[in-house]
Novice: 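Got a structure for you, questions after.
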Amino acid sequence: YMLKMDIWQKDMDRVIPSSAVYWDFIWDQKMRRQEQGRMFEERNSALYYKFAGDDVEHLSESGNDEEKATTSLKWIGFKNQFFSTAFIADGKFNDGIFTSRSLEEDRYLKQFHAESTIDYDSKEPQVAGFNIFLGPNSYPLLSSYDDDLSGDQTLDLDKLVPLGYKFFRWINTLIVIPVFTFLGKFFSNYGVIILLLTIFIKLVLFPFTYKSYKSQARMRVLAPQIKEINDKYPGQDKVMERQRLTMDLYSKAGVNPMGGCLPLLLQMPILIAMFTFFPSSIELRGESFLWAKDLSTYDAIVSWDTYIPLITPYFGNHISLFCLLMTITNLIYTKINMQNTAGQQQMPGMKAMMYMMPLMYLFFCFTYPLAFSLYYVISNIVMTAQTQVMRKFYDPEKMRKEVEAEIAAKRKQEKRGVKNTTITVTDPKTGKSVEKNLSASEMNKRRLEYARQLDAERYKDERTVPLSELDKQDKQ
């Protein structure tokens with residue numbers, strides 16, 4: 001995909017004045033529409049350029065834009081959703097003027113224009129040289145051009161693939177793309193690859209999901225006691241007292257009220273990373289799965305030509321079955337998950353917000369690549385199955401007794417004024433490190449023994465009588 005172009009001159013002194021020190025580089029292109037969804041393809045088409053030894057910038061994808069670069073550039077590129085063309089200078093472009101204009105034509109998306117200058121020497125036979133990239137926006141391919149380069153010499157052509165902001169881009173480049181590429185070596189159906197990728201991600205997150213479910217199960221056990229606190233201290237004037245008693249109850253029961261949010265906090269960055277990965281993955285272009293013919297765009301099971309206000313501009317003239325399945329499975333999982341969460345009576349607004357989220361995804365994803373909807377459907381099914389399986393392992397009555405026993409033990413300690421300390425010791429039988437819970441008196445005894453050992457080590461050379469003999473003399 002990389003072509004070499006060199007410009008040579010011979011006997012040009014009769015055409016070009018010897019005083020010329022640079023020549024103009026002018027590039028115009030009307031970006032042709034190639035994909036099914038115009039709206040989404042237009043969002044992923046833009047003019048890119050890289051500053052020499054610096055970062056990559058681009059014009060706005062969402063409308064008309066113009067920029068002027070006053071420092072040297074390494075390359076200039078025009079890209080659409082899945083393909084790019086880039087002129088990479090052997091030396092440098094001196095500057096640049098770039099414009100991007102949206103077109104209303106059916107066959108074209110945008111009009112790109114780039115102007116720059118390149119140093120010219122009338123005495124040199126080779127005027128300029130370029131490497132021209134003409135190929136797919138494949139992250140493994142584009143990043144491979146930097147394998148033998150380092151520092152300011154890197155091309156950073158992989159920035160032509162929009163994978164989100166830094167943190168989300170790291171998730172895609174370090175986790176998602178390597179796993180996706182690895183699975184692609186063994187499976188030819190990308191629907192199956194997305195299925196396996198989703199299961200892999202859920203297995204990685206399962207320990208956190210398990211911990212979250214355990215925390216939610218404990219909170220359900222505490223729900224009656226929390227209700228008693230709310231009934232005993234009603235009204236806005238007793239909010240602080242209610243919160244203090246509730247947090248005290250959580251502390252005694254060993255419950256973190258934010259524990260249920262941990263999987264959500266971990267899943268959101270991955271979800272956002274996938275949200276940017278699937279539209280940029282050329283591997284999905286033209287790949288079919290079940291009834292869908294192309295994983296890189298929406299699946300239109302029903303379509304029409306009539307313009308419908310408010311619907312056509314945002315949803316398009318079609319119905320996407322995978323998007324509907326995503327919304328349905330999301331609503332089911334939300335309902336099941338809310339049944340595991342205590343305190344819904346105290347947060348009625350939270351319930352409405354949780355049900356609004358799936359409907360918001362429906363709004364955003366109706367014209368989105370169905371690969372993302374497929375990922376979300378599988379993810380919802382896996383999480384629902386995990387929740388149902390974990391319910392079998394937690395007996396509510398047994399959990400209630402455990403929590404009540406922990407609360408009773410801590411209250412007993414508080415009455416005695418005893419605070420236990422957990423330390424790590426070596427088991428003399430197994431030689432392994434284990435945790436041991438010691439009372440305050442036991443801790444004081446261990447500290448005294450340790451102090452005596454230090455004292456013996458420090459003054460052993462100054463003593464003429466062993467410590468054991470001194471103890472006997474003291475007793476006498």
Side-chain angles (χ1 to χ4, degrees), residues 1-7 21-32 34 41-103 108-120 127-139 141-147 149-166 169 173 276 279-280 282:
Y1 301 106
M2 193 71 78
L3 307 178
K4 189 69 178 76
M5 183 181 79
D6 293 321
I7 301 176
V21 294
Y22 64 87
W23 60 281
D24 295 327
F25 175 90
I26 301 175
W27 183 12
D28 276 296
Q29 181 179 341
K30 292 177 72 174
M31 188 64 66
R32 185 184 293 271
Q34 301 188 58
E41 186 180 6
E42 193 170 26
R43 291 179 193 168
N44 287 272
S45 300
L47 190 156
Y48 280 66
Y49 52 95
K50 174 180 169 59
F51 291 100
D54 208 338
D55 207 355
V56 177
E57 299 289 344
H58 63 85
L59 301 188
S60 173
E61 303 98 331
S62 58
N64 298 337
D65 195 12
E66 181 175 348
E67 290 289 342
K68 183 176 182 179
T70 57
T71 58
S72 57
L73 307 169
K74 184 59 181 178
W75 56 259
I76 301 170
F78 296 170
K79 75 169 287 282
N80 62 11
Q81 187 172 357
F82 292 121
F83 298 95
S84 293
T85 302
F87 277 82
I88 308 165
D90 288 352
K92 64 179 181 178
F93 295 97
N94 292 326
D95 48 24
I97 298 175
F98 310 108
T99 59
S100 173
R101 185 167 56 88
S102 297
L103 302 177
Y108 296 94
L109 299 172
K110 296 181 179 181
Q111 174 78 50
F112 291 149
H113 175 79
E115 292 184 20
S116 185
T117 60
I118 296 178
D119 292 337
Y120 172 76
V127 178
F130 300 93
N131 284 299
I132 306 174
F133 175 78
L134 293 159
N137 298 332
S138 169
Y139 180 85
L141 170 66
L142 294 171
S143 60
S144 68
Y145 290 115
D146 285 337
D147 288 347
L149 303 175
S150 61
D152 292 345
Q153 300 300 316
T154 55
L155 298 176
D156 294 329
L157 288 172
D158 56 280
K159 296 292 181 66
L160 289 168
V161 185
L163 295 172
Y165 292 105
K166 284 187 177 180
R169 189 176 184 88
T173 57
T276 58
S280 304
I282 191 173

Novice: Measure across A114 and F98 and return the closest heavy-atom pair with its distance rounded to 0.1 Å.
Specialist: CB-CD2, 3.7 Å
Novice: Using a 3.5 Å distance criterion without hydrogens, assess whether the side chain of K68 forms a donor-acceptor pair with backbone atoms of D95.
Specialist: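 Pair absent, no side-chain N/O of K68 close to backbone of D95.
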Novice: Rounded to the nearest 0.5 Å, what's the gap from CG on N131 to CG on L3? Could you check?
Specialist: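 Going from the CG atom of N131 to the CG atom of L3 covers 9.0 Å.
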Novice: To the nearest 0.5 Å, what is the distance between CG on L134 and CE on M2?
Specialist: 9.5 Å
Novice: Please check if the side chain of K110 supplies one atom and the backbone of E42 the other of a donor-acceptor pair under 3.5 Å.
Specialist: yes
Novice: With no hydrogens and no angle check, is any side-chain donor or acceptor of K74 less than 3.5 Å from a backbone partner on A89?
Specialist: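 Checking the backbone N and O of A89 against the side chain of K74, a donor-acceptor pair under 3.5 Å is found.
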Novice: Over all heavy atoms of both residues, which pair between Y1 and G135 is shortest? Give the atoms and the distance, please.
Specialist: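 Here Y1 and G135 meet closest at CD2-CA, 3.7 Å.
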Novice: Give a yes or no answer on whether the side chain of N137 reaches the backbone of V161 with a donor-acceptor pair at less than 3.5 Å.
Specialist: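 No; judged by distance alone, with no hydrogens or angles, the pair does not exist.
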Novice: Please determine whether a side-chain nitrogen of the Lys or Arg among D55 and K159 lies less than 4.0 Å from a carboxylate oxygen of the Asp or Glu.
Specialist: yes
Novice: Could you check, using the six-membered ring where one of them is a Trp, whether F93 and Y49 have ring centers closer than 6.0 angstrom?
Specialist: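 For F93 and Y49, the ring centres are not under 6.0 Å apart.
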Novice: Using atom types as modelled and distance alone, determine if a side-chain donor or acceptor of K79 lies under 3.5 Å from a backbone N or O of F83.
Specialist: no
Novice: Testing the basics here: between L47 and H113, what is the closest heavy-atom pair and its distance to 0.1 Å?
Specialist: CD1-O, 3.7 Å
Novice: Measure from the ring center of F133 to the ring center of W75 and say whether it is less than 6.0 Å.
Specialist: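 Ring-ring flag for F133/W75: false, centres at least 6.0 Å apart.
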Novice: Applying salt bridge (Lys or Arg N to Asp or Glu O under 4.0 Å), name anything that partners D65, two or more places apart in sequence or on another chain.
Specialist: none
Novice: Between L157 and A86, what is the shortest heavy-atom contact and its length?
Specialist: CD2-CB, 4.4 Å
Novice: Can you list the residues that meet the side-chain contact (heavy atoms from CB on, under 4.5 Å) rule with T71, with sequence neighbours excluded?
Specialist: F51
Novice: Closest approach of N64 and R101, non-hydrogen atoms and distance?
Specialist: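 In this case the closest contact between N64 and R101 is OD1-CA, 3.1 Å.
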Novice: Just verifying a value: how many Å separate D90 CG and D6 CG, rounded to the nearest 0.5 Å?
Specialist: 6.0 Å
Novice: Please find the pair of heavy atoms, one from Q81 and one from E41, that lie closest to each other, and give the distance.
Specialist: OE1-CA, 3.6 Å
Novice: Report the distance from atom OG of S102 to atom CE of M31, rounding to the nearest 0.5 Å.
Specialist: 12.0 Å
Novice: For the residue pair F25 and F130, categorise the inter-ring angle as parallel (less than 30°), tilted (30 to 60°) or perpendicular (more than 60°).
Specialist: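 Geometry flag for F130 against F25: tilted rings.
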Novice: For F82, which residues count as a ring pair (Phe, Tyr, Trp, His ring centres under 6.0 Å) partner, sequence neighbours excluded?
Specialist: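 With neighbours one apart ignored, the set is empty.
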